[in-house]
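Worksheet: one structure, shown below.
All ligand and atom numbering here is 1-based and tracks the order in the structure.
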Amino acid sequence: MTHRILILGGTTEARQLAGKLAARASVTLSLAGRTESPIAQGVPVRTGGFGGADGLAAYLRKKHIDLLIDATHPYAAQISANAAQAARVAGVPILALRRPGWEPVEGDRWTLVDTSGDAVQALGPAPRRVFLALGRQEVAVFEAAPQHHYLIRSVDPVEPRLAVPDAEYLLARGPFRQAEEHALLEKHRIDVVVSKNSGGEATYGKIAAARALGIEVVMVRRPTLPDVPAAETVEALTLMVDHFVRPVDERGV
Ligand code: NAP
């Protein structure tokens, strides 16, 4: 019997996982549709919201999904909550890929805040040169502090642009290496970086570069995610899925 797996994606790991699982099951990858030209995913893709937890539960039933995998970004808290609830309602098992967050190390100057709104406050009243390495949805709140210079990097253009007098925009898609990030921070004379604690290698370069340059990082803490069975890496999650899809006699247990 071919198992049907739905992966909620939008991350590099989700794409890698889909590639690995495609040989074992019928895999569909779901994207929110935020990025205008997402990179090729290598498996069938469906795009757009489901209409909340109920909509996702209905989709799981209609498509006879046997296993739901939440491999969304650690800050995509709404879809993760919906996934846990939909799995419960539809009676479908769920696994999550939860990339561990970064931990501060010697030399880091992190200021921890709960939301991007709190990050605005943490910048303080005096004008600063700020690198916003946040999603385009989160940068709008920085209009509340128009005294700063902003360098804003995003995958797709920030539209509308921020109603602040001094902002520069950079379009780029990671991974971003430390040496390039170091050069970027120096070139723009950045004195504070605002970041999420995304974890992983692809976007750690700016954190390491800020440490090397003695620059403060205002770090937005991770949201609370539902408690579901989870693995930290693609490899570990693949093993969990193997346990699920392979018949007992093949596993030798
Ligand atoms: P979110 O706030 O948790 O989700 C908002 C709504 O978007 C969800 O309720 C759902 O709509 C829809 N949605 C989100 N992910 C989806 C998916 N994989 N497939 C289908 N619908 C999805 O999510 P977000 O923070 O806007 O993130 C959107 C996407 O970007 C996610 O796929 C995430 O993995 C990726 N991403 C997010 C970040 C980040 O920092 N937040 C960074 C990198 C990548 P319905 O309720 O209508 O189903």
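Ring geometry, His148 versus Tyr150: the interplanar angle exceeds 60°, so the pair is classed perpendicular (tilted spans 30 to 60°).
The list of ring pair (Phe, Tyr, Trp, His ring centres under 6.0 Å) pairs with a residue in residues 79-130, not counting sequence neighbours, reads Trp102-Tyr204.
Note: no N/O pair closer than 3.5 Å links Leu8 and ligand 1 by distance alone. Between Thr11 and ligand 1, no pair of N/O atoms sits closer than 3.5 Å.
With hydrogens left out, the protein atom closest to atom 23 (O) of ligand 1 is Ala76 CB, 3.5 Å, a heavy atom. Here the protein heavy atom with the shortest distance to atom 48 (O) of ligand 1 is Phe50 N, 2.6 Å. Distance from atom 10 (C) of ligand 1 to its nearest protein heavy atom, with residue and atom name: Ile79 CD1, 3.9 Å. Of the protein's heavy atoms, Ala32 CB, 3.8 Å lies nearest to atom 28 (C) of ligand 1. Closest protein heavy atom to atom 35 (C) of ligand 1: Gly10 O, 3.6 Å. Of the protein's non-hydrogen atoms, the one nearest atom 18 (N) of ligand 1 is Ser30 O, 3.0 Å. What sits closest to atom 47 (O) of ligand 1 on the protein, heavy atoms only, is Gly51 N, 2.9 Å. Scanning all protein heavy atoms for the shortest distance to atom 39 (C) of ligand 1 gives Lys196 NZ, 3.2 Å.
Between atom 2 (O) of ligand 1 and the options Glu138, Glu13, Gln78, the minimum heavy-atom separation is to Gln78. Nearest-heavy-atom check against atom 34 (O) of ligand 1 across His73, Arg46, Gln137 picks out His73. Between the choices Gly52, Pro223, Ala53, Gly49, the shortest heavy-atom distance to atom 46 (O) of ligand 1 belongs to Gly52.
Residues Arg153 and Glu181 are paired through a salt bridge, judged by an N-O separation under 4.0 Å between the basic side chain and the carboxylate. A salt bridge does not link Arg4 to Asp66: none of the charged nitrogens lies less than 4.0 Å from a carboxylate oxygen. In this structure, Arg34 does not pair ionically with Asp156, as no charged nitrogen and carboxylate oxygen lie closer than 4.0 Å.
When the shell of 6.0 Å around CD of Gln137 is examined, it contains more than 12 heavy atoms from other residues, nucleotides or ligands.
For the ligand labelled ligand 1, residue Ala81 lies outside the 4.0 Å heavy-atom shell. The shortest heavy-atom distance from Gly9 to ligand 1 is under 4.0 Å. Using a 4.0 Å heavy-atom cutoff, Asn82 is listed among the residues neighbouring ligand 1. Heavy-atom separations between Gly55 and ligand 1 are all 4.0 Å or longer.
Counting all heavy atoms, side chain and backbone alike, Leu31 lies closest to Gly9 at CD2-C, 4.1 Å.
Contacts between Thr47 and ligand 1 below 4.0 angstrom, taking non-hydrogen atoms only, are absent altogether. Contacts of Ala77 with ligand 1, taken as heavy-atom pairs under 4.0 Å, involve the backbone alone.
Under the 4.5 Å side-chain criterion, counting only non-hydrogen atoms from C-beta, Val130 is not in contact with Leu151. Val194 has its side chain within reach of Leu123: a pair of non-hydrogen atoms, C-beta onward, lies under 4.5 Å apart.
Under a hydrophobic clustering in which Ile, Leu, Val, Met, Phe, Trp and Tyr are joined whenever their side-chain heavy atoms come within less than 4.5 Å, directly or via other members, Ile94 and Val234 fall into different clusters.
Listed for the Arg24 side chain is a donor-acceptor partner under 3.5 Å among the backbone atoms of Lys20.
Applying the ring pair (Phe, Tyr, Trp, His ring centres under 6.0 Å) rule to His3 yields the partners Phe244; only residues at least two apart in sequence or on another chain are considered.
Within a 4.0 Å radius of atom 30 (O) of ligand 1, the protein has no heavy atom.
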